[in-house]
Every structure is written in structure tokens, then in C-alpha cells.
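We name chains A, B, ... by the order of the sequence lines, and we start the count at 1 in each one. Note that the structure is predicted; figures quoted are calculated from it, not measured.
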Protein chains: 2
Amino acid sequence: MADIHPEHAHIIEQTKANMPSEEVLEKTAEVFKVFGDKTRIRILAALSEGEMCVCCICEILGMSQSAVSHQLSVLKSARLIKSRREGKQMYYSLDDAHIGAILCTGISHVEED
Amino acid sequence: MADIHPEHAHIIEQTKANMPSEEVLEKTAEVFKVFGDKTRIRILAALSEGEMCVCCICEILGMSQSAVSHQLSVLKSARLIKSRREGKQMYYSLDDAHIGAILCTGISHVEED
DNA sequence: TGAACATATGAACAATTGTTCATATGTCTT
DNA sequence: AAGACATATGAACAATTGTTCATATGTTCA
């Protein structure tokens, strides 16, 4: 590992001081890890159109109920979506405004230039 | 897989029509996958304070030069950061405003409630 | 040119992850 | 209460990923 140049020392200290806590960074990485899968992104993109039941999501994605349900549970554990029961069906929706914003900005980054 | 209720049919069609292309969703998932690692999040958090050389990043993270360099190359391939050489040193910085925004919103989501 | 420095890269290994299949849970209707 | 329906969950397998170690590339200065 390279030596630390004296003129870098205070940048290092300053940056360390301004960084969010290790706990926050760890949890943030966990959240993005959940965004980092095509099936889950497709689910989130569908839900950004509005609340939806599981069978609709399966139909839109063209995937098995089991695969979708597993991913819904991952999304819910990470608090990216929330659920509501109506009779036999479960309706899912984005958890809060952050989720739509993150998704949107990510898509913009991909779509631009 | 459950049957499609008639009242759901048009929601399904509508949502399918409004979804970004498969290619965009795939690429978006790839971008978030890159955000989904603690080491890379720490690097991005450091770079959000400003441009920085590799040895500073190693020092801030307390990690080996090799591990950091590998992750920098992942971040760069995904166009989350860009680099600039100055003599023997490489300086890295966030690629564009989207990256800081995504990171920031993710951290906010974690820090709130 | 050669030595020293800063960073990059290839191979390899352990650990994590997404899907499928089978089955369980919870809800409604008769 | 039983059967049908909608969704959830456990086990298992293939595939992907992050780090380490060793070494290569590129740059400066004597």
C-alpha cells in the first residue's frame, strides 16, 4: 500500500469525519443490493404504476408465482414495498417516496447519453 | 399460477405498456448491483466529499490497495465514477449528479424512521 | 536507463444469491 | 367443514461475487 503524502493527511481526516456511520453505510448497501436484481427492478417498475396484486405481477413479468413471491418477500424485508390484504389477495405497493425516487434516478442514469 | 380476473386485465396491459424496456430495466439492475456492496458504497461516500486518489481511499477505508483497485474498476466500468491521471496518481470522482443523488436518497431512506 | 513508486489485473477460493419444485398457510364460498 | 383459490415458504442446486496473493503496467526522478 502506498505511503500517505503529508498534503493528503487532512483530506483523509476530514473525509473520515464526514462519512456516515459504518452502520448506515452497511444498511445502505443492503438496500441497494435489493435493487440490484432484474426481477426485483421489474417488480418495482410495475409497482411504480400503482398498487398491484401478486397474480397481476406474475402476469406482467411472465414468471412463476413462487419466484415472484420469493422476491416480494425480499423486497418487503428490506422495506422497499409494503403489503395489504384484501380477501384472498395481497396488494403490494412501494414503501415510500424514496423508493420511487431511487428507481427513477437509476433509470434516468441508464437512459441518458 | 392464479387465473387473471377480468377486472385486472386492463391494469396488466396498461402497466406492461408503461414499463421501461427490458434493456433499460436490465441495465438499471446492473447499476444498482454495483451500488449493492459495502466497500463500493464506502468508496462512493468518500468520493461524494470530492475527488480523491487511490491511496487516500485505501487509507480511509483501511483496506488493501488491491481490493480497492478492483472495486474502483467495477465502479468505473459501470460509469459510477470517472478517473483522471496526475503524474503517478489516479484521481477518482463521481461520474455525474445522478450518482450523488442516488447515494444520498438511499442513505436518507436508511436514516429515516 | 534503472530503481522506486502508484495503480491495475489475473487466478483462485469461500461465500452469497435466484430459481425451481414441493408443500404449507390463510381466506372465501357453499 | 371441505374444497378451491391466492400466496408464502423450505430445501437444494447452479451461478455469481469479493477478497487475497502474486505479478504486471505505467510514471517519475536520479
Side-chain angles (χ1 to χ4, degrees), chain A residues 1-8 12 25-26 29-44 47 51-78 80-93, chain B residues 1-8 12 25-26 29-44 47 51-78 80-93:
Chain A
M1 180 142 56
D3 288 342
I4 306 150
H5 291 201
E7 74 263 31
H8 286 156
I12 291 172
L25 294 172
E26 169 85 56
E30 290 307 313
V31 166
F32 283 124
K33 195 173 291 181
V34 175
F35 275 92
D37 173 78
K38 192 189 178 187
T39 296
R40 291 191 293 261
I41 283 287
R42 293 173 78 210
I43 292 175
L44 294 173
L47 294 183
E51 189 186 54
M52 211 167 292
C53 66
V54 178
C55 63
C56 283
I57 299 173
C58 292
E59 194 57 29
I60 290 166
L61 304 206
M63 289 183 67
S64 75
Q65 182 268 317
S66 181
V68 168
S69 202
H70 273 294
Q71 298 303 358
L72 286 170
S73 112
V74 172
L75 287 163
K76 193 171 178 202
S77 301
L80 267 54
I81 61 176
K82 58 194 174 192
S83 64
R84 169 178 83 76
R85 180 179 282 280
E86 191 175 307
K88 280 181 273 186
Q89 326 208 64
M90 293 292 278
Y91 282 83
Y92 284 91
S93 55
Chain B
M1 179 140 56
D3 287 341
I4 306 150
H5 292 200
E7 76 262 32
H8 286 157
I12 291 172
L25 293 173
E26 169 85 55
E30 290 308 312
V31 166
F32 283 124
K33 195 172 289 180
V34 175
F35 275 93
D37 173 78
K38 192 190 179 188
T39 295
R40 291 191 293 260
I41 283 287
R42 293 172 78 211
I43 292 175
L44 294 173
L47 294 183
E51 189 185 55
M52 211 167 293
C53 67
V54 178
C55 63
C56 283
I57 300 173
C58 292
E59 194 57 31
I60 290 167
L61 304 205
M63 289 182 67
S64 75
Q65 182 269 316
S66 180
V68 168
S69 201
H70 273 294
Q71 298 303 358
L72 286 171
S73 112
V74 172
L75 287 163
K76 193 171 178 202
S77 301
L80 268 56
I81 61 177
K82 58 194 174 191
S83 64
R84 169 178 84 76
R85 181 179 282 279
E86 190 175 308
K88 281 181 273 188
Q89 325 208 63
M90 293 293 278
Y91 282 83
Y92 284 91
S93 55

Who passes side chain to side chain donor-acceptor pair (under 3.5 Å) against [X], sequence neighbours left out?
X	value
B:Lys88	none
B:Lys82	none
A:Arg84	A:Glu51, A:Glu86

* Asked: In terms of ring plane angle, is the pair B:Phe32 and A:Phe32 parallel, tilted or perpendicular, where the classes change at 30° and 60°?
  ->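 Parallel: the ring planes of B:Phe32 and A:Phe32 meet at under 30°.
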* Asked: Touch check for A:Lys76, heavy atoms < 4.0 angstrom, all strands: base, sugar-phosphate only, or nothing?
  ->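 Answer is nothing: A:Lys76 stays at 4.0 Å or more from every strand.
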* Would you mind classifying the nucleic acid contact of A:Tyr92 as base, sugar-phosphate or nothing, using non-hydrogen atoms under 4.0 angstrom? =>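 It contacts sugar-phosphate atoms only.
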Could you state the [atom1]-[atom2] distance from [X] to [N], rounded to the nearest angstrom?
X	N	atom1	atom2	answer
B:Leu75	C:dT9	CG	P	14 Å
A:Glu30	D:dG18	CD	P	12 Å
B:Phe35	D:dT17	CZ	C1'	18 Å
B:Glu59	C:dT7	CD	P	12 Å
B:Gln89	D:dC29	CD	C1'	15 Å
A:Ile43	C:dG18	CD1	C1'	12 Å
B:Met90	D:dT28	CE	P	12 Å
B:Lys33	C:dT16	NZ	P	17 Å

* Could you walk me through whether B:Asp37 and A:Lys33 pass the side-chain contact (heavy atoms from CB on, under 4.5 Å) check? -> CA-CA 7 Å; B:Asp37 173 78; A:Lys33 195 173 291 181; 5.8 Å; no
* **A:Lys38: salt bridge (charged side-chain N to carboxylate O under 4.0 Å, His left out) partners, not counting sequence neighbours** =>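 A:Lys38: salt bridge (charged side-chain N to carboxylate O under 4.0 Å, His left out) contacts with B:Glu22, B:Glu26.
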* To do: Evaluate the side-chain proximity of B:Leu47 to B:Ile57: yes if any heavy-atom separation is below 4.5 Å, no if none is.
  =>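 Of all side-chain heavy-atom pairs linking B:Leu47 with B:Ile57, at least one is under 4.5 Å.
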* Applying side-chain contact (heavy atoms from CB on, under 4.5 Å), run through A:His8 and B:Cys55 and close with a yes or a no. => CA-CA 9 Å; A:His8 286 156; B:Cys55 63; 4.1 Å; yes
* **Distance in Å, A:Ile81 CD1 paired with A:Met52 CE, rounded so as to fall on 0.5 Å steps** =>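 Reported to 0.5 Å precision, the distance equals 11.5 Å.
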* To do: Summarise protein proximity over nucleotides 19-30 of chain C in one line of letters, 5' to 3': B for base, S for sugar-phosphate only, - for none, counting protein heavy atoms closer than 4.0 Å.
  => SBBB----BS--
* If each of B:Ser73 and A:Arg40 is mapped to the nucleotide of DNA chain C with the nearest heavy atom, which maps nearer the 5' terminus, i.e. the 5' end? ->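 Comparing both residues, the 5'-ward one is B:Ser73.
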* **Axial bend angle, the helix from C:dT1-D:dA30 to C:dT30-D:dA1: five-pair end segments, nearest 10°** =>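 Overall, the helix from C:dT1-D:dA30 to C:dT30-D:dA1 bends by 30° from one end axis to the other.
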